[in-house]
There are 2 protein chains.
Amino acid sequence: MSWRKEQRRAERGYHHGNLKEALLQAALGLIAEKGAAGFTFADAARMAGVSAAAPYRHFRDRDELLSSIAQRGFEQFEARLTAAWDDGRPDTVTAFERVGRAYLAFARDEPAFYNAMFESGLPVDANAALQAASERAFNVIRAAAERLAALAPPGAPRPPAMMMALHIWSMAHGVASLFSRGDAARRKLPMSPDELLEAEVLIYLRGLGFPTDRRPQANGAEPPPVPPEAPSGSGVPPGGPWGRPK
Amino acid sequence: MSWRKEQRRAERGYHHGNLKEALLQAALGLIAEKGAAGFTFADAARMAGVSAAAPYRHFRDRDELLSSIAQRGFEQFEARLTAAWDDGRPDTVTAFERVGRAYLAFARDEPAFYNAMFESGLPVDANAALQAASERAFNVIRAAAERLAALAPPGAPRPPAMMMALHIWSMAHGVASLFSRGDAARRKLPMSPDELLEAEVLIYLRGLGFPTDRRPQANGAEPPPVPPEAPSGSGVPPGGPWGRPK
DNA sequence: AGCTCATGTGAACGATCTTTACATGAGCCG
DNA sequence: CGGCTCATGTAAAGATCGTTCACATGAGCT
């Protein structure tokens, strides 16, 4: 019963040395397994090999641990979105879609973070730092949208970048949360969440008048464009994003 | 102390008479207040004036109560979406957008149901009846998308209706869950969630080649989506859904 | 060496979830 | 009407959790 605990104590001494970090890691694992709702403060302590009261030296309460995780999640999220955006290389539309895929990839690869960030039910404005981190992440999308909006086809009014960013965010979040995570992923779909989101974004961008066949902007490689065959008068490029060649 | 309990007992006798229903209602109220995570089986029992063990006569456990609520939610959801669709009257595009607004309205008006349905973390496939109810609700969107797809502009390949339905669902869910509920609604937006979703859907439909300007409907009161900044009718031909001419 | 303070422990409290044995009374059968 | 039965509710109890408190430990500074 208790030789275990004492064994652990023997291994690491009375003081853990890095309990805060250990708790965060433990919580992350637990959330990934059982969701933010099922995660337990006591469990995290047990997993770190300390008593149930120890965590209170590092976190005011369970919610603070949760929001620490969420905050860290937003930071990693921001980093991954930024990397995906890659300052709009090789061209704005391509990079923009890559951001969308990065969004989904994050939701898939880091279910615990995503859960803590978006599905744990903790108030967004509870923690100022958390809110700031969340905004920084969103600003990556926003900045990308800004660049995209600047490329809007001439002759038409520019779409507000903020609105575009919110639209893209809602699409990515909708797809991620409905189809790309946990049990939700079990809904049978005619296509993968990635394809679903990519098509959605492409159709949306086309609705804004963007050319959605990949166009090298200052770059050599010319990807094979869609075979033209439909009357261009309809304004609809032939071959939809859902059934693109290649 | 305990005169309360006895008072209640005096009022209603030893047997409650309609405890199952009372528990569902109580849970609904509690979820609306504190979210599905904060809702407590014991609380529901207390609110119904019975002992903490009584609910177990009607629900295997807390999750079954939750999924009963979710199921009922999906049924009401289906009903509201069906009513909004109104079999595609007066025209398909208008009705389709009305479905989108109904989605948001449901999320806003029935936060408890929405929470139980989409944010409570209960496994979709745990309960067959639940899954069926969920599918029936989705089928309303799917059927509407089917009709819409049939109207796809000639000359271009028809978009798969299933894909369109999934896209619309993801948009509606994304907007609802990010901007239209609880604390999330506190994120400051340049436009209301309704306007945001309406613009998003319009742009998307335009991307599919649908004509998105509303024809006169014999029903003057079609509120135009609010232009956040661009003066409408600025003379530029296509105009955006965020600032449409006409 | 000795002090101090951050860090961890154990015990304890109240709340929740859930099970178990027992109580009640509504509806049916004769 | 009288009695039986079974669905429905109760009380008590065990297990777990969040949280607090008094106390123990030992790392680092003087």
Side-chain angles (χ1 to χ4, degrees), chain A residues 1-27 30-31 33-69 120-122 126, chain B residues 1-27 30-31 33-69 120-122 126:
Chain A
M1 299 14 175
S2 102
W3 64 270
R4 278 203 138 286
K5 218 186 272 180
E6 282 157 29
Q7 166 115 358
R8 284 196 119 136
R9 272 253 284 270
E11 283 167 7
R12 56 146 245 254
Y14 190 94
H15 288 278
H16 183 290
N18 199 12
L19 183 53
K20 185 161 189 169
E21 193 54 36
L23 286 172
L24 286 167
Q25 292 305 324
L30 289 170
I31 293 175
E33 271 181 41
K34 307 184 292 184
F39 140 77
T40 243
F41 215 28
D43 247 348
R46 207 169 305 137
M47 188 155 301
V50 296
S51 76
Y56 290 85
R57 296 295 179 193
H58 301 277
F59 302 96
R60 192 171 2 80
D61 57 14
R62 187 177 166 282
D63 270 13
E64 197 184 272
L65 170 51
L66 214 54
S67 80
S68 285
I69 290 183
S120 62
L122 47 78
Chain B
M1 307 3 186
S2 103
W3 62 270
R4 282 199 136 288
K5 216 187 271 182
E6 284 157 27
Q7 166 115 359
R8 285 195 117 136
R9 273 255 282 276
E11 283 166 8
R12 55 148 244 252
Y14 190 93
H15 287 279
H16 183 290
N18 199 11
L19 183 53
K20 185 161 188 169
E21 193 54 35
L23 286 172
L24 287 167
Q25 291 306 323
L30 289 170
I31 294 175
E33 270 180 43
K34 309 185 291 186
F39 139 78
T40 243
F41 217 28
D43 246 350
R46 206 169 307 138
M47 188 154 304
V50 297
S51 75
Y56 290 86
R57 295 292 178 194
H58 300 278
F59 301 96
R60 195 175 352 84
D61 57 14
R62 187 177 165 282
D63 270 13
E64 198 185 271
L65 170 52
L66 215 54
S67 80
S68 284
I69 290 182
S120 63
L122 46 79

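It should be emphasised that the depicted structure is a prediction, and the values quoted were computed from it without experimental measurement. Every chain is numbered from 1, with letters handed out A, B, ... down the list of sequences.
- Closest heavy-atom contact between A:Leu66 and A:Ser120: CD2-CB, 3.9 Å.
- From A:Phe41, atom CZ reaches atom CZ of A:Arg62 across 9.0 Å, with rounding to the nearest 0.5 Å.
- A:His58 has a side-chain polar atom (N or O) that falls below the 4.0 Å cut-off from OP1 or OP2 of C:dG8.
- B:Glu64 and B:His58 get closest at one heavy-atom pair: OE2-O, 3.9 Å.
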Look for any protein N or O under 3.5 Å of an N or O in nucleotides 17-21 of chain C and output each such pair with its distance, or none.
unit_1	atom_1	unit_2	atom_2	d
C:dC17	OP1	B:Thr40	OG1	3.4
C:dC17	OP1	B:Phe41	N	2.9
C:dC17	OP2	B:Phe41	N	3.3
C:dC17	OP2	B:Ala42	N	2.7
C:dT18	OP2	B:Tyr56	OH	3.0
C:dT18	O5'	B:Tyr56	OH	3.3

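- Taking 4.0 angstrom as the limit, A:Arg46 places none of its side-chain polar atoms (N or O) nearer than this to OP1 or OP2 of D:dT16.
- For the residue pair B:Leu23 and B:Ala48, the shortest heavy atom distance occurs at CD2-CB, 4.2 Å.
- The stretch residues 19-27 of chain B touches DNA chain D through B:Leu19, each having a heavy atom within less than 4.0 Å of the strand.
- Among the heavy atoms of the strands, none lies under 4.0 Å from B:Gly38.
- Looking at every heavy atom in both residues, A:Ala27 comes nearest to A:Ala44 through N-CB, 4.5 Å.
- You'll find the side chain of B:Glu33 stays beyond 4.5 Å of the side chain of B:Phe39, heavy atoms only.
- Distance, B:Leu30 CG to C:dT16 P: 11 Å, rounded to whole Å.
- Here the closest non-hydrogen pair linking B:Ser68 and B:Leu24 is CB-CD2, 4.0 Å.
- Partners of A:Lys34 under the side chain to side chain donor-acceptor pair (under 3.5 Å) rule, at least two apart in sequence or in another chain, are A:Asp43.
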